[in-house]
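To keep things clear, I will list the structure first and then write my remarks on it.
Everything quoted here is computed from the prediction, not taken from an experiment. Both backbone and side-chain heavy atoms feed into the values below; hydrogens, waters and symmetry mates do not.
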Amino acid sequence: MSWTDERPPWLPPLPSPHQGRIRIAVGMIMVISCMLGILVVAFLGETLSMYTWWPLAIGLAFLMSGLLSRRRLP
């Protein structure tokens with residue numbers, strides 16, 4: 001084992017490589033399911049409820065927060 005194998009204590013900790021993955025997955029599932037539901041309702045000729053847009057907005061918020069947390073700032 002060499003002295004270069006260990007990180008020096010003065011370096012900041014490395015961020016997790018899987019940061020935001022759960023929020024991205026939840027957001028994508030919510031957005032895709034909401035869009036499919038909207039397409040099915042539109043195909044059947046029914047009227048959409050305004051409550052349909054809440055899961056879409058929440059899914060987009062999850063997706064954006066997950067993607068923004070993965071951004072690497074210098």
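- Arg23 contributes atom CZ, which lies 12.0 Å from atom CE of Met64 (distance to the nearest 0.5 angstrom).
- At least one donor-acceptor pair closer than 3.5 Å links the side chain of Ser65 to the backbone N or O of Ala61.
- Rounding to the nearest 0.5 Å gives a distance of 11.0 Å between CG of Leu39 and CG of Leu44.
- With hydrophobic clusters built from ILVMFWY side chains whose heavy atoms lie under 4.5 angstrom apart, Trp54 does not share a cluster with Ile29.
- The two atoms that bring Gln19 and Arg70 nearest to each other are O-CG, 2.8 Å, heavy atoms only.
- When all heavy atoms of Gly20 and Ser69 are compared, the pair lying nearest together is CA-OG, 3.5 Å.
- Residue Met50 is not grouped with residue Met30 when hydrophobic side chains (ILVMFWY) are merged at heavy-atom distances under 4.5 angstrom, including chains of intermediate members.
- Interatomic distance, CE of Met28 versus CG of Leu60, reported as 10.0 Å (0.5 Å rounding).
- Here the shortest heavy-atom pairing between Gly59 and Val31 reads C-CG2, 3.7 Å.
- For the pair Thr47 and Val41, the tightest heavy-atom approach, listed with the atom from each and the gap, is O-CG1, 4.1 Å.
- Atoms CH2 and CD1, from Trp53 and Ile58 in turn, are 14.0 Å apart once rounded to the nearest 0.5 Å.
- Note that CG of Leu63 and CD1 of Ile24 are 7.0 Å apart. Values are rounded to the nearest 0.5 Å.
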